[in-house]
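Side chains included, hydrogens not; waters and symmetry mates left out as well; all remaining heavy atoms used. Index from 1, following the sequence.
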Amino acid sequence: MSTQLRANMLTALDDELLDWRFKGLPASWWGRTAAQVSSLRPALFDDGPSGPICVLRESALVHNLTTMANWCADRGVELAPHGKTHMAPQLLARQFRAGACAVTAATISQVRVFRAFGVRDVVLANEVVDAAGLAWLAAELDADPDFHVVCWVDSVAGVELMAAGLAGAQRPLDVCVEIGTPGGRTGCRTDAEIDEVARAAAACPRLRLVGVAGYEAATGQDVTPGAVAAVRSYLRHLRAAAVRLSGLFETDTVIVTAGGSTYPDVVAEELAGDWPAGMSVRTIVRSGCYLTHDDGLYARTSPLRLRPALQVWAQVISRPEPDLALVAMGRRDVSFDAGLPVPLSLPGSSVTKLNDQHAFVQLAGGDQAPVGSWLPFGISHPCTTFDKWQLIPVLDDQDRVTALVRTFF
């Protein structure tokens with residue numbers, strides 16, 4: 001598969017000089033390029049990282065890429081991974097090589113990053129109503145016939161704002177009607193609203209109605225039987241809308257898309273296959289967290305056999321009480337919105353609190369944490385760990401650096 005990313009742009013990342021801007025990296029790497037450091041395959045923890053450092057595990061990345069690619073192929077679904085998780089072109093290139101059909105983004109700013117690296121196929125999982133963003137999209141579409149983007153629409157007002165913002169564009173903007181759920185996020189709530197928005201989009205010459213979209217985890221990521229039943233009901237509502245609107249779509253192959261990282265199995269079961277005769281459908285899932293997985297939220301909820309690839313390492317800096325260790329890692333370094341970090345080498349212990357630069361580790365059993373020792377922590381929800389790091393070493397199973405991954409948040 002094509003990477004869709006410009007080779008010269010990826011090479012430029014490898015040629016970037018390392019310096020004080022990149023927290024956690026050993027000072028001995030300063031003045032070298034990322035490629036030079038990777039070619040030396042240094043042992044990270046022998047080279048003297050400074051303070052907490054975020055790392056990726058190569059073997060887990062390979063496993064997760066392969067597992068997801070095989071899972072999608074077996075179920076007849078396509079994958080447009082959510083790029084907001086990592087905002088790392090080097091990781092996105094690997095996802096394209098593993099078979100991704102597009103990248104999903106949440107904002108115009110994210111699309112700009114991926115376009116700068118040459119990405120041609122984008123799912124913009126939001127309704128775009130700002131005039132500047134629409135003007136930029138129109139210019140990109142008109143300048144590059146190979147650029148394809150689809151975004152959402154969930155109101156007649158949104159259709160009208162899009163039409164105004166796209167005035168003068170040569171190519172129409174592809175849109176999916178977004179279907180929401182009561183108490184959820186964006187998206188039409190009733191069949192009447194869905195149909196009204198679809199008719200408005202289909203009648204707008206600046207737009208091209210190509211499908212329906214949704215997000216089944218908008219109200220939570222509970223995997224109890226009752227919660228899964230509610231997800232199935234929502235997805236069946238989305239399927240029914242796609243069938244009902246089939247006469248309005250302005251494409252031979254309709255896009256039906258949902259699927260984050262908690263319920264992709266349910267999405268595949270409900271939205272892949274068994275469409276009415278003569279209705280050609282592309283079922284696209286948009287999981288972003290599968291690539292790195294985690295030791296928290298998705299360890300509990302993902303139906304796939306994935307491995308955690310993202311860790312934050314930090315040193316014990318204080319033992320003020322017998323059962324308490326203070327670690328130099330805090331909210332500036334690791335996610336905490338969907339669960340606190342997990343001390344991987346201290347199975348009986350737990351992180352109980354985070355300050356900006358400190359983690360409180362409650363020690364239990366015979367767990368040892370002497371001052372100065374480095375401890376690995378698993379994370380919960382990779383999206384809000386990645387955005388705290390501009391450059392992340394990739395390690396092999398011997399903790400040697402094989403690559404350095406640049407992020408753009």
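Taking 4.5 Å as the limit, every side-chain heavy atom of Leu173 sits out of range of all side-chain heavy atoms of Arg208. Taking the side chain as every heavy atom from C-beta outward, Thr407 and Leu391 never approach each other to under 4.5 Å. You'll find the side chain of Pro341 reaches within 4.5 Å of the side chain of Leu354, heavy atoms only. For the pair Val327/Phe360, no side-chain contact is recorded, criterion being any heavy-atom separation below 4.5 Å from C-beta on. Considering only heavy atoms from C-beta on, Val103 stays 4.5 Å or farther from Asp121 through its side chain. The closest side-chain heavy-atom distance from Leu306 to Tyr290 is below 4.5 Å. Pro393 places none of its side-chain heavy atoms less than 4.5 Å from the side chain of Leu56. Contact check for Ser345 versus Pro376: side-chain heavy atoms found under the 4.5 Å cut-off.
Nearest heavy atoms, Arg6 versus Ala116: NH1-O, 2.9 Å.
Remark: the Asp191 side chain and the His237 side chain contain an N/O donor-acceptor pair separated by less than 3.5 Å. A donor and an acceptor atom, one from each side chain of Glu58 and His63, are nowhere located under 3.5 Å apart. Looking only at atom types and distance, the side chain of Thr224 has a donor-acceptor partner in the side chain of Asp222 under 3.5 Å away. Side chain to side chain, Asp397 and Ser59 meet the donor-acceptor criterion of an N or O pair below 3.5 Å. Donor-acceptor pairing under 3.5 Å is recorded for the side chains of Glu178 and Thr186. A side-chain N or O of Arg286 and one of Thr257 form a donor-acceptor pair less than 3.5 Å apart. Side chains of Asp367 and Ser349: a donor-acceptor N/O pair is present below 3.5 angstrom, by distance only.
At a threshold of 4.0 Å, the pair Lys84-Asp387 does not count as salt-bridged, since none of the basic side-chain nitrogens sits closer than that to a carboxylate oxygen. Comment: Glu270 engages Arg232 in a salt bridge, judged by a side-chain N to carboxylate O separation of less than 4.0 angstrom. Under a 4.0 Å N-O distance rule, the pair Asp294/Arg307 does not qualify as a salt bridge. The residues Glu78 and Arg282 are annotated as salt-bridged, a charged nitrogen and a carboxylate oxygen being separated by less than 4.0 angstrom. Ionic pairing of Asp146 and Arg120 is not present here: no N-O contact between side-chain nitrogen and carboxylate oxygen is shorter than 4.0 angstrom. Remark: Lys23 engages Asp333 in a salt bridge, criterion side-chain N to carboxylate O under 4.0 Å.
Here the side chain of Ser302 pairs no donor or acceptor atom with the backbone of Tyr298 at under 3.5 angstrom. Not one N or O on the side chain of Asp174 forms a donor-acceptor pair closer than 3.5 Å with the backbone of Val210. The backbone N or O of Gly158 lies less than 3.5 Å from a partner atom in the side chain of Ser155, making a donor-acceptor pair. Listed for the Arg189 side chain is a donor-acceptor partner under 3.5 Å among the backbone atoms of Thr181.
The distance between the ring centers of Phe117 and Phe408 falls below 6.0 angstrom.
Here the rule is side-chain contact (heavy atoms from CB on, under 4.5 Å) with Arg171, and of His148, Arg206, Glu140 only His148 fits it.
Here CG of Asp337 is found 7.5 Å from OG of Ser380. Values are rounded to the nearest 0.5 Å.
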- Task: Could you please spell out the steps behind the salt bridge (Lys or Arg N to Asp or Glu O under 4.0 Å) verdict for Asp396 and Arg41?
- Result: CA-CA 9 Å; Asp396 65 16; Arg41 299 180 69 87; 2.9 Å; yes
- Query: Would His82 and Ser287 satisfy side chain to side chain contact (heavy atoms under 4.5 Å, CB included), going step by step from the backbone distance to the final call?
  - Reply: CA-CA 6 Å; His82 215 316; Ser287 171; over 6 Å; no
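A tilted orientation is assigned to the rings of Phe45 and Trp313, their planes being inclined by 30° to 60°.
Geometrically, Arg239 engages Trp275 in a cation-pi contact, judged by NZ or CZ lying under 6.0 Å from the ring centre and within 45° of the ring axis.
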